[in-house]
Amino acid sequence: ESPRKVFVVLGGYPDFAKAMERRGWLRNRDPESPFFDLKWTLQARDIDHSRLKEDQVTNHFQKNREITTKVGLGNNLKTCKWITDHDMDEFFPRC
C-alpha cells in the first residue's frame, strides 16, 4: 500500500479540500509546513518555490505573470509590434 498523499490548501476552497479528502488525501492545516505533496493557494506569494522538493506540486508557477495575468498578457501583446510585423489588434481584441 502506498503512503497517503498530503495536501495544504490556503485561501478558502472548501469544496476542493473536501474533494481531496474524499479521494483519500490527508490535509495538513499548517500553511508554513514543508510537508505536502500538493499545495493549493489563492495567492502565488504563499508558495516559496525555492524550497519546493522535486516531487511537490503547486497550482502556481514561478515567474509566469507575463503571460498569466491580464495586465502581463496585455503588455506583451502591445509590444509584439516591436518584435514582429504584427499589431495585436490584428489578431486579438483590444486590451
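Please read these numbers as outputs of a predicted model, since none were measured by experiment.
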Can you tell me if [X] uses its side chain to pair, donor with acceptor, with the backbone of [Y] under 3.5 Å?
X	Y	result
Asn28	Phe35	yes
His49	His60	yes
Thr79	Asn75	yes
Gln56	Pro34	yes

What's the spacing between [X] [atom1] and [Y] [atom2] if we round to 0.5 Å?
X	Y	atom1	atom2	result
Arg45	Leu10	CZ	CG	11.5 Å
Phe36	Leu26	CZ	CG	14.5 Å
Arg23	Lys18	CZ	NZ	14.0 Å
Asp37	Arg4	CG	CZ	11.5 Å

Taking all atoms of both residues into account, what is the closest heavy-atom pair of Phe16 and Val9, and its distance?
->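 Shortest heavy-atom separation between Phe16 and Val9 comes out as CD2-CG2, 3.9 Å.
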Heavy-atom closest contact (Lys39 atom, Thr41 atom, distance) =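 Of all heavy-atom pairs spanning Lys39 and Thr41, the closest is CG-CG2, 3.9 Å.
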ILVMFWY network linking Tyr13 to Ile47, side-chain heavy atoms under 4.5 angstrom =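 They do not share one cluster, since no chain of ILVMFWY contacts under 4.5 Å joins Tyr13 to Ile47.
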Is any side-chain heavy atom of Leu38 closer than 4.5 Å to a side-chain heavy atom of Asn59?
->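 No; the side chains remain at least 4.5 Å from each other.
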So do Met20 and Arg27 actually touch side chain to side chain, heavy atoms under 4.5 Å?
->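 Counting from C-beta outward, Arg27 and Met20 never come under 4.5 Å.
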Between Trp40 and Phe7, is the gap from one ring center to the other below 6.0 Å?
->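 No, too far apart.
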